[in-house]
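Worksheet for the structure shown next.
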Amino acid sequence: MAAVLRNELGRDKIDAGWSEGAVRDESDTKSWMGVWEAAALIIIVATAFLLARQYRESLNVDEPLEPLSLALEREAAEVNATLPEMVSEGVRLDKATAGPGNAFNYSYTIVDDEAARTLIGNAKKLADLKTQLQERVCLTMPNHRSSGAIIRYSLKDNKGEMIADVSIDAGDC
């Protein structure tokens, strides 16, 4: 605000020097504070909106979840479209099936007779195989972890005789 001073003649004189500039600076500061507050409010609202949208999408609210049995059947059909397939030296994946219940089954044939003989009755090799299969399920099947699926591996020899039957609970990962 301007200060009012009286000069020698008794007339009022306005001192428009320093105090008017101070008022102007204070007014400018207040207007900039309003701009910053508005910008902060916009950023907060936009962030809240984006987080809410991401959360809603993560819940798949718009799409009903497919029952586990149907998802497993669909997955088995997709796998079977590429079979039989040699998945490693001496090992062939013959088929995949869904069920019963929450089970997903892989049927393998150990076509290398020598490798098949080393697995039969060898508890250490079968334990090592189960460990490898557990790691495979945990690393390559993240969608089955929360679904409650049981992944079952059946291994047979060239004659169709059972070598091993290993079940992995994907929820144990």
For the student: nearest non-hydrogen atoms of T118 and A115, plus distance: OG1-O, 2.7 Å
Rounded to the nearest 0.5 Å, what separation is found between the NZ atom of K156 and the CG atom of D165? 9.0 Å
With rounding to the nearest 0.5 angstrom, report the OG to CZ distance, S107 to R152. 7.5 Å
Looking at every heavy atom in both I150 and S167, which two are closest together, and how far apart are they? CG2-CB, 4.1 Å
ILVMFWY network linking V111 to Y106, side-chain heavy atoms under 4.5 angstrom: no
Stepwise side-chain hydrogen bond (donor to acceptor under 3.5 Å, both in side chains) test for D94 and T109: CA-CA 7 Å; D94 297 315; T109 299; 2.3 Å; yes
Walk me through it: do Y153 and R136 pass the test side-chain contact (heavy atoms from CB on, under 4.5 Å)? CA-CA 12 Å; Y153 296 90; R136 180 179 183 273; 2.9 Å; yes
Just how far is it from atom NE2 of H144 to atom CG of L72, taken to the nearest 0.5 Å? 6.0 Å
Applying side-chain contact (heavy atoms from CB on, under 4.5 Å), run through D169 and V137 and close with a yes or a no. CA-CA 9 Å; D169 184 343; V137 168; over 6 Å; no
State the CG-CD distance between L119 and E114, to the nearest 0.5 angstrom. 10.5 Å
Between M86 and V91, does a side-chain contact (heavy atoms from CB on, under 4.5 Å) hold up when you go through it step by step? CA-CA 6 Å; M86 293 298 291; V91 180; 5.9 Å; no
Has the side chain of R92 got a donor or acceptor atom that lies under 3.5 Å from a matching backbone atom of V87? no
Minimum heavy-atom separation for A116 to I163, with atom names? CB-CD1, 3.6 Å
Spell out, as yes or no, whether a donor-acceptor pair under 3.5 Å connects the side chain of N102 to the backbone of G148. yes
Specify the closest pair of heavy atoms between A76 and F104, including all atoms of both residues, with the distance to one decimal. N-CE1, 3.5 Å
So, taking the atom named OG1 in T82 and the one named CG in L93, what distance separates them when rounded to the nearest 0.5 Å? 7.0 Å
Would you say the side chain of S154 lies within less than 4.5 Å of the side chain of N105, judging by non-hydrogen atoms? no
Run the side-chain donor-acceptor check on residues 125-135: report pairs under 3.5 Å with partners two or more places apart or on a different chain.
residue	atom	partner	partner atom	Å
D128	OD2	K124	NZ	3.2
T131	OG1	A127	O	3.1

Closest heavy-atom pair and its distance - L68, S147: CD2-O, 3.4 Å
So which heavy atom on C173 is nearest to which on R145, and how close? CB-CD, 3.6 Å
